[in-house]
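The block underneath contains the structure these notes are about, expressed in structure tokens.
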2 protein chains.
Amino acid sequence: MIGNDDDRRLWSIGEVARATGTTVRTLRHYDEIGLLGASARTASGHRRYTARDVRRLYRVRALRALGLPLDEIQRVLADTAEDLGSMRELLTAQLSALEAQAGRIQQLTAQLRGLLGRMDGASMPDPEQFMTTLETMSVFETHFTTEQQEQLAARRAEMGPEGVEAAKSGWAGLVEALLAHAEAGTPADDPEVGDLVARWDALGSRFHAAGEDGEATKAAARRLWDERGEELARNLPWSPDRMRALLRYVAEVREAR
Amino acid sequence: MIGNDDDRRLWSIGEVARATGTTVRTLRHYDEIGLLGASARTASGHRRYTARDVRRLYRVRALRALGLPLDEIQRVLADTAEDLGSMRELLTAQLSALEAQAGRIQQLTAQLRGLLGRMDGASMPDPEQFMTTLETMSVFETHFTTEQQEQLAARRAEMGPEGVEAAKSGWAGLVEALLAHAEAGTPADDPEVGDLVARWDALGSRFHAAGEDGEATKAAARRLWDERGEELARNLPWSPDRMRALLRYVAEVREAR
DNA sequence: GCTATGACCTCCCGTTACGGCCGGTTCAAG
DNA sequence: CTTGAACCGGCCGTAACGGGAGGTCATAGC
């Protein structure tokens, strides 16, 4: 019915809404913000849209459907009368913004799948432990940059799951040994404990990449361990008290080298 | 500093913010909505956070980083004290929501790339024509469902670009021929124009899939053409007046069959 | 003891793109 | 002329805070 009338036909707001799949409220909103008003009003104030107005609405809707904000649409519709450059720029920017968003989403889905997998793996029936995992995630996120986390993940992938497990159990052995020494009162300059601590450091560095980036990541990890060691230690099978004592002892040994 | 104090240490809002990478404003917001308050206040009303509060904050932050809304976080943190089922559900739902979002984004990026490609192809230096393309996109989006549009796109992909071009130029020939007949006053029951219209319909149906879905799409296209033919005709190299006359003529011929 | 400075407090407005409701006018069909 | 539908402007609400105003509190240095 619409296209069959001539171009001087005037439309009420409801007709426009029905014909274009928008709502009356939306049209009034566009009018309010100056994006798209009716070119005419009746004597009593009812909006009357012209064919030009409707065409402009179609343009607005198309650009909205591409995810553009209304103020950008307004700008670009004003600019693009004679030149498409502004439009090109806007669409290009929107494209890269969407690509960035897609990247973030992919990262989140990977994380979610990981978490759900761990919940389904028979390993985690305990809500408390799951919560602690969440806390640790957050702690890591606030202390490592995204790239650093990717670096660590890549390193773990290189080592393979069994490599990671081997490192973990090796580390557990070191912890046990050092705890024994600490609690037995072995002096910090004893060469045997010095050797144990050196192996501890070597083991930790296996999780970091070589080069400058690796060093930065390592520094971040060290800072994290210093500042939040106790919180992280809640994930571990030793009591916070013993871990605290252990960390003090390791620091002493390092100083005594 | 933080982890090295004991669990009864109380923290000011600024300390918590700095330590966890949030802002003071955010913490006050969480307090306001009842998601996370400080367990204590000083006599003068300053918030004092306990280690438990900070742990809860880490949980909140981890879940927020997964894209969950604050009210869901609040609910699930209340539920998950003894049972992880609610958490599982929430994370699963979030995963599929993110996947859906990724799909939408992919669709938008494809559309944007198409538009940008057309702008770079030497074919479109004209802003007016680009605007018309936008309008047409919007018209299509309001008249076809997403599946129908995908169907049409798939059909075009099957036909290949040269197939589409062949159909277009064949259709252009039909338009020219029918316009000639219409303007020459050939009667609507003339078998030759009947044949031309039949070829017109056949050509159109090449763009639709077979079966029930195809029929629905076809019906939508017919409706679109009836209601918005004139607007669509602006994309075509014939004047609106002549297209209008042509459409009337074609309708006559169909009735005369 | 005084003061300067930073940290903290509570309100409140602004952001995006509308949805929805209210009380009052206007239009159009019968 | 009536009456029900359409339309009007205005206002509140949304999610998750950011930012500012205007006032109070704490503490380090003098």
Side-chain angles (χ1 to χ4, degrees), chain A residues 1 9-49 53 57 59-77 90 94 97-98 101 104 138, chain B residues 1 10-49 53 57 59-77 90 94 97-98 101 104 108 138:
Chain A
M1 30 180 69
R9 156 103 197 260
L10 293 178
W11 316 26
S12 78
I13 193 170
E15 287 168 337
V16 173
R18 275 191 302 279
T20 63
T22 50
T23 69
V24 168
R25 185 64 186 80
T26 296
L27 291 174
R28 284 204 266 255
H29 180 60
Y30 289 172
D31 194 355
E32 217 176 294
I33 65 175
L35 171 60
L36 168 63
S39 290
R41 296 272 186 147
T42 68
S44 59
H46 286 200
R47 275 166 261 252
R48 289 296 121 118
Y49 290 86
D53 297 338
L57 175 57
R59 298 171 191 193
V60 170
R61 279 183 59 82
L63 294 171
R64 274 263 348 145
L66 293 172
L68 296 168
L70 294 182
D71 53 353
E72 296 283 4
I73 293 177
Q74 190 162 5
R75 206 176 44 71
V76 84
L77 284 187
L90 182 60
Q94 176 67 358
L98 285 177
Q101 213 177 323
R104 281 197 299 273
S138 178
Chain B
M1 26 181 80
L10 294 179
W11 318 30
S12 78
I13 193 170
E15 288 169 335
V16 173
R18 276 191 302 278
T20 63
T22 50
T23 69
V24 169
R25 186 62 185 80
T26 296
L27 291 174
R28 283 204 267 256
H29 180 60
Y30 290 171
D31 194 357
E32 214 177 296
I33 64 174
L35 171 60
L36 169 64
S39 291
R41 296 270 186 146
T42 67
S44 59
H46 287 198
R47 273 166 263 252
R48 289 295 121 116
Y49 290 85
D53 297 337
L57 175 56
R59 298 170 191 195
V60 169
R61 279 184 58 83
L63 295 171
R64 275 263 350 148
L66 294 172
L68 295 168
L70 295 182
D71 54 353
E72 296 283 4
I73 294 177
Q74 190 162 6
R75 205 176 44 71
V76 84
L77 284 186
L90 183 59
Q94 177 68 358
L98 284 177
Q101 213 177 322
R104 280 196 300 274
L108 287 190
S138 177

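So that the names make sense, note that chain A is the first sequence line, chain B the second, and so on, each numbered from 1.
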Open item on the list: Please give me the minimum heavy-atom distance between A:Ser138 and B:Arg61, naming the atom from each residue.
Closed with: OG-CB, 3.4 Å
Task: Close approaches to DNA chain D from residues 60-72 of chain B, in residue order (heavy atom, under 4.0 Å) - done: B:Arg64, B:Pro69, B:Leu70
- [ ] Please state how far atom CD1 in B:Ile73 lies from atom C1' in D:dA15, giving the value in whole angstrom units.
- [x] 12 Å
Task: Pair listing, salt bridge (Lys or Arg N to Asp or Glu O under 4.0 Å) test, anchored in residues 19-40 of chain B, at least two apart - done: B:Asp31-B:Arg41, B:Asp31-B:Arg47
Task: Those residues that, when tested against A:Thr22, pass side-chain hydrogen bond (donor to acceptor under 3.5 Å, both in side chains) (two or more places apart) - done: A:Thr20
Open item on the list: Between A:Gln94 (side chain only) and A:Leu66 (backbone N and O only), is there a donor and an acceptor less than 3.5 Å apart?
Closed with: yes
TODO: Applying side-chain contact (heavy atoms from CB on, under 4.5 Å), name anything that partners A:Ile73, two or more places apart in sequence or on another chain.
DONE: A:Leu35, A:Val60, A:Leu63, A:Arg64, A:Leu68, A:Leu70, A:Leu77
Tabulate protein N/O versus nucleotide N/O from nucleotides 19-23 of chain D, keeping only pairs under 3.5 Å, one per line.
from, atom 1, to, atom 2, distance (Å)
D:dG19, O6, B:Arg25, NE, 3.0
D:dG19, O6, B:Arg25, NH2, 3.4

- [ ] Rounded to the nearest angstrom, tell me the gap between atom CD1 in B:Ile13 and atom C1' in D:dA26.
- [x] 16 Å
TODO: Within residues 26-41 of chain A, find the residues that approach DNA chain D with a heavy atom at under 4.0 Å, and present them sorted by residue number.
DONE: A:Arg28, A:Arg41
Task: side-chain contact (heavy atoms from CB on, under 4.5 Å) partners of B:Asp71, counting only residues at least two apart - done: B:Pro69
- [ ] Quick one: list whatever passes side-chain contact (heavy atoms from CB on, under 4.5 Å) with B:Ser12, sequence neighbours left out.
- [x] B:Glu15, B:Arg48
Task: Among B:Leu10, B:Leu57, B:Leu27, side-chain contact (heavy atoms from CB on, under 4.5 Å) partner for B:Tyr49 - done: B:Leu27
Task: B:Thr23 versus B:Ala17, closest heavy-atom pair with distance - done: C-CB, 3.8 Å
Open item on the list: Any side-chain N or O of B:Ser12 below 4.0 angstrom from OP1/OP2 of C:dC8?
Closed with: yes
Task: Where protein sits on nucleotides 22-30 of chain C, one letter per nucleotide: B base, S sugar-phosphate only, - none, heavy atoms under 4.0 Å - done: ----SS---
Task: Qualifying residues under side-chain contact (heavy atoms from CB on, under 4.5 Å), relative to A:Arg104, sequence neighbours excluded - done: A:Ala100, A:Gln101
